Structures are given as structure tokens and as C-alpha cells.
Amino acid sequence: MATTATTPRSSAPVIKTDLAGQTLLTLRTLTEDAPASLATYEKLGGYQQLKRLVTEKVKAPDIINQIKISNLRGRGGAGFPTGLKWSFMPRYYDGTKYLVCNTDEGEPGTFKDRDIIRYNPHQLIEGMAIAAYTLGARVGYNYIHGEIWQDYEIFEAALAEAREAGYLGEHLFGSQFSFDLYAVHGYGAYICGEETALIESIEGKKGQPRFKPPFPASYGVFGKPTNVNNTESYASIPWIMEHGGQAFADLGVPNSGGTKLFSVSGHVEKPGNYEIPMGMPFSELLAMAGGVWKGRKLKAVIPGGPSTAVMPASAIEAATMDYDGLSKAGSSLGAGSMIVMDETTCMVKALKRLSYFFYEESCGQCTPCREGTGWVYRIIERIVDGKGKMEDLDLLTDLSNNISGRTICALGDAAATPVLSFIKHFRPEFEYYIQHGKSMVDGK
């Protein structure tokens with residue numbers, strides 16, 4: 001979606017282009033001139049589902065059942081069924097329960113959630129309020145990535161509008177339901193995208209993952225039951241409540257309901273966010289993004305962010321953009337962060353850059369990740385410097401296998417995945433670099 005704004009303000013005019021072929025659901029306000037404003041959202045029926053559920057006293061199991069029917073799966077990368085996750089929250093707990101939104105997207109190529117809070121913040125707020133009503137949460141936090149300050153300000157302005165209009169606060173719509181929602185600004189640590197590290201950060205501690213179990217549903221923020229979902233997941237809830245879970249499921253394919261925002265970057269003519277029905281063929285999404293730039297050929301795609309396996313062109317060209325489709329093709333959907341690489345890309349240098357990212361962002365809590373990511377990066381750096389040895393490839397494979405599955409959180413697996421997949425699919429490039437001290441592609 002090649003959609004831009006002159007300034008990131010709620011009243012800013014939006015240049016709406018290339019929306020054809022998209023199914024705007026979480027970004028449905030893009031068809032309006034002031035997409036982030038409360039007036040715009042109310043004009044589209046905003047907050048009516050929250051009001052209906054609260055005033056009609058719709059029971060939590062009925063709401064959760066619709067979420068289950070919808071086949072909505074977590075949009076932050078793990079893909080866990082949202083309705084099932086909501087059912088884990090203790091229903092009859094008498095103390096305070098919390099709700100957390102994960103807008104801490106720090107992985108390279110991931111930039112979808114920021115557009116939701118930039119262009120459609122009220123739908124996220126309503127989705128969180130509906131979740132709070134359903135789960136009995138009294139307080140919520142939206143943890144926003146540290147490097148998008150202007151978008152954080154937009155969300156704060158939307159919160160103020162919602163409070164003023166009576167959509168947040170005490171005794172909403174004259175009921176016993178009260179819900180306060182706050183924005184929390186992170187400081188750019190990738191590890192805080194992991195839900196328990198995020199919770200630690202909200203509590204004012206160093207952002208490091210917790211051992212699980214216990215899971216947040218039983219021991220989350222301040223030791224209380226907490227539900228954590230991704231921004232896109234919460235923003236899908238009002239639409240599901242308005243149209244029903246089956247309608248959302250029907251937008252997608254079996255096991256992958258609804259629409260999905262794909263952040264398309266790299267070597268394409270029109271990089272941006274594209275909201276499409278789950279199950280769209282990769283070739284159609286690539287065409288929406290203008291195809292591979294400069295008339296070049298497609299070489300490889302990372303379909304869901306660097307923590308998902310890279311796919312050569314031959315593997316992804318026939319794939320569909322959904323959980324099962326990409327799994328069968330040899331990778332995974334992840335957060336929908338699609339990085340496209342053309343025929344001029346040196347895969348050795350690309351892996352060096354990705355490996356540095358994971359090395360730099362490791363929190364250091366687990367020895368396999370703390371030591372292993374640095375070791376992996378230094379070996380790849382040595383290859384790029386023309387000092388590599390052929391046995392380095394087996395060493396990289398062995399190191400990655402010994403990092404994966406041996407850490408508290410999934411960062412270890414995320415760091416290992418690109419190494420294993422790059423070497424698997426593009427081993428001749430690595431061998432050439434070691435033998436000749438330069439790239440097979442760019443000759444440097």
C-alpha cells in the first residue's frame with residue numbers, strides 16, 4: 001500500500017494510492033481524509049460494538065466463541081489462536097487483571113503495527129476495550145516501539161479523544177464496566193517484543209524474558225493475570241464483533257481467517273503495507289507491490305521477517321500467503337514482514353547483516369544465545385573479509401543447531417533460522433566466497 005501522509009498527525013491529509021485489490025479491515029479508515037480522528041472512526045460505526053456488548057451484557061463465552069470461529073490467529077508472529085488464548089484467562093479471579101497490546105515491532109522489515117496506530121488508532125482502542133470487557137481486565141497498556149515517537153503521540157491523542165467521548169474510564173455507558181488504557185513508550189530493544197520481556201519493561205525492570213510457565217494468563221503484569229496480543233489482532237476484534245466470526249473466517253482460508261497486513265520491503269517498486277485476504281498467492285501480492293524493481297529477476301524472499309526461513313524464488317513463487325501455505329513451502333508467515341531480494345543480492349553479505357542484528361539484540365540472559373550469536377556473526381564476518389574456511393559452513397550449522405531450542409525465549413531460534421536456511425538454499429554462494437575471497441554476485 002503506497003500510502004503516505006505529509007505529516008503524522010490525526011488531521012493530516014492522506015495520499016491514497018494503490019488500494020485496489022486490498023481488503024481494508026484494520027486500516028479501513030484509509031479511505032477517509034482524516035483517518036486517525038475520532039469523528040472519522042465514529043462515522044464508520046466506531047465504538048458501536050463496544051457499546052452494544054456492554055449495554056446488552058453479552059456474556060464472555062459468547063464473545064470468545066465468535067473469536068474462535070473467526071480463526072483469528074496472533075498477528076505478531078507466533079500465530080497462536082486468539083480465541084483459545086483468551087479462554088486461558090481466569091474467569092472468576094477476584095483481583096485486578098491486565099490487558100497488554102504488543103506494538104513493539106523491532107524486527108527488520110516489520111512496520112505494519114505503526115500504521116494501525118498512525119491511521120486507525122481508535123479501532124485498536126475499541127478492540128482492546130472489547131477484550132477488556134470480555135476478560136474482566138480493568139487496566140490496559142499499549143507498549144509502543146521506542147523508535148516511532150510521532151506515532152506514539154498520535155495514539156496518545158486518540159486516547160484523550162476516547163476518554164473525552166466516554167469510551168474509556170469509569171462505568172462505561174452507565175454500566176459497571178470500567179477500563180483505563182495507557183500508552184507505554186519502549187526504548188527500541190528488540191527483545192521487548194517477547195511478551196514476558198515486554199511485561200518486565202512495563203514494570204520498570206530490565207527487559208528480559210521470563211521462564212514459562214507460569215504464562216502471563218496466570219502471572220503477568222505485577223504478578224496478575226494478563227492477556228497479551230499483537231496490535232493487528234486487537235484491531236481485528238471490532239470487525240469480528242460487527243460481522244460475526246464466520247464472516248471473518250470466510251475472508252481467508254481454512255486455519256487462517258481474515259485479512260493480514262503484509263509489510264513488503266526490499267527490491268520492489270512499491271514497498272509498503274498491503275492488507276489482503278489470507279491465502280492470496282504470493283505472485284499477486286508481489287504484483288500489488290509493483291513487482292521486482294528495475295526489471296530484475298526474483299532471487300529470494302524472507303516471507304515473515306528475518307526470524308523466518310529465507311525462500312528461493314522457486315520455492316515461494318507458487319506459495320500462498322497464509323500459515324499453512326508458507327509452512328508447506330518451507331518457511332512461515334511470522335509477522336508478515338516480506339523482504340524481497342533480487343538477482344543482484346549477495347546472500348553471504350545479507351546473512352552477515354542479519355546475524356549482526358540478532359547478535360546486537362540478544363539480551364545476554366541465556367549462554368547459548370549470548371555467546372552463540374556473537375560466534376556466528378564473527379564467523380560470517382570472517383568469510384566476508386576473505387578469510388573463511390570451508391569447514392566454517394559446517395561449524396555455522398552446528399552452532400545454530402545448538403542455539404536453537406536452548407534459550408528461554410525464541411530469539412535463539414530466530415537467530416539460528418536465517419543461518420540454517422541461507423546455507424541450505426544458497427550454499428554454492430558461500431563456498432564461492434570462501435574459495436575466491438569475494439562475492440559470486442557483485443565480485444567484491
Side-chain angles (χ1 to χ4, degrees), residues 23 25-26 28 48-54 56-93 97-102 113 116 123-137 140 177 179 195 212-218 220 225-261 275-279 304 320-327 332-336:
T23 303
L25 190 157
T26 61
R28 60 179 171 169
Q48 289 305 303
Q49 293 309 305
L50 173 63
K51 182 178 181 179
R52 177 182 68 84
L53 295 171
V54 173
E56 295 180 7
K57 300 181 180 179
V58 178
K59 296 185 181 300
D62 294 333
I63 298 173
I64 292 174
N65 185 53
Q66 287 300 313
I67 304 302
K68 289 180 177 179
I69 291 172
S70 74
N71 279 331
L72 174 64
R73 295 172 60 173
R75 300 300 200 231
F80 193 82
T82 303
L84 182 60
K85 191 172 192 178
W86 284 21
S87 70
F88 293 157
M89 283 284 280
R91 192 176 304 170
Y92 302 109
Y93 181 81
K97 289 187 281 188
Y98 291 94
L99 199 70
V100 171
C101 179
N102 186 345
D113 295 339
I116 292 175
Q123 187 158 318
L124 172 59
I125 294 170
E126 183 179 16
M128 292 189 69
I130 290 172
Y133 169 76
T134 306
L135 303 176
F177 171 58
F179 179 59
E195 61 180 7
K212 292 185 287 189
F215 293 93
S218 58
T226 303
N227 181 77
V228 185
N229 277 128
N230 173 256
T231 313
E232 189 181 352
S233 303
Y234 281 127
S236 300
I237 301 302
W239 196 96
I240 295 172
M241 291 298 100
E242 180 180 358
H243 301 279
Q246 191 59 53
F248 187 86
D250 291 344
L251 287 173
V253 293
N255 206 36
S256 300
T259 62
K260 177 78 185 75
L261 272 169
E275 187 167 16
I276 61 171
M278 282 280 204
T320 55
M321 305 306 289
D322 58 89
Y323 294 102
D324 292 342
L326 287 170
S327 178
S332 55
L333 184 70

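Computed from a predicted model, the values in this text were never measured in an experiment. If you read the sequence from its start, that first residue is 1, and numbering goes on from there.
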Residue among F179, F177, W86 satisfying ring pair (Phe, Tyr, Trp, His ring centres under 6.0 Å) with Y133: F177

Got a second to check how far [X]'s [atom1] is from [Y]'s [atom2], nearest 0.5 Å?
X    : Y    : atom1 : atom2 : value
F80  : N229 : CZ    : CG    : 10.5 Å
I240 : L72  : CD1   : CG    : 4.5 Å
D113 : L124 : CG    : CG    : 8.5 Å
T231 : Q123 : OG1   : CD    : 12.5 Å
E275 : T23  : CD    : OG1   : 7.5 Å
F248 : I237 : CZ    : CD1   : 7.5 Å

Atom of [X], atom of [Y] and distance for their closest heavy-atom approach:
X    : Y    : result
M89  : T226 : SD-C, 3.5 Å
S218 : P214 : OG-CB, 3.8 Å
A131 : Y234 : CB-CE2, 3.7 Å
M278 : L333 : CE-CD2, 3.6 Å
N255 : N71  : N-ND2, 4.0 Å
P216 : V228 : CB-CG2, 4.4 Å

Applying side-chain contact (heavy atoms from CB on, under 4.5 Å), run through V253 and D324 and close with a yes or a no. CA-CA 9 Å; V253 293; D324 292 342; over 6 Å; no

Residues that Q66 engages under side-chain hydrogen bond (donor to acceptor under 3.5 Å, both in side chains), provided they are two or more places apart: none

Pairs where residues 76-91 contributes a residue and the test salt bridge (charged side-chain N to carboxylate O under 4.0 Å, His left out) is met, not counting sequence neighbours: K85-E195

Quick note, salt bridge (charged side-chain N to carboxylate O under 4.0 Å, His left out) partners involving residues 226-248, not counting sequence neighbours, are R28-E242, R75-E232, K112-E232, E232-K260

Does M241 form a side-chain contact (heavy atoms from CB on, under 4.5 Å) with E126? I'd like the steps, not just the answer. CA-CA 11 Å; M241 291 298 100; E126 183 179 16; over 6 Å; no

What do you reckon, is NZ of K59 surrounded by more than 12 foreign heavy atoms closer than 6.0 Å? no

How far apart are the C-alpha atoms of T134 and I67, what are their side-chain angles, what is the distance that settles it, and do they pass the side-chain contact (heavy atoms from CB on, under 4.5 Å) test? CA-CA 11 Å; T134 306; I67 304 302; over 6 Å; no

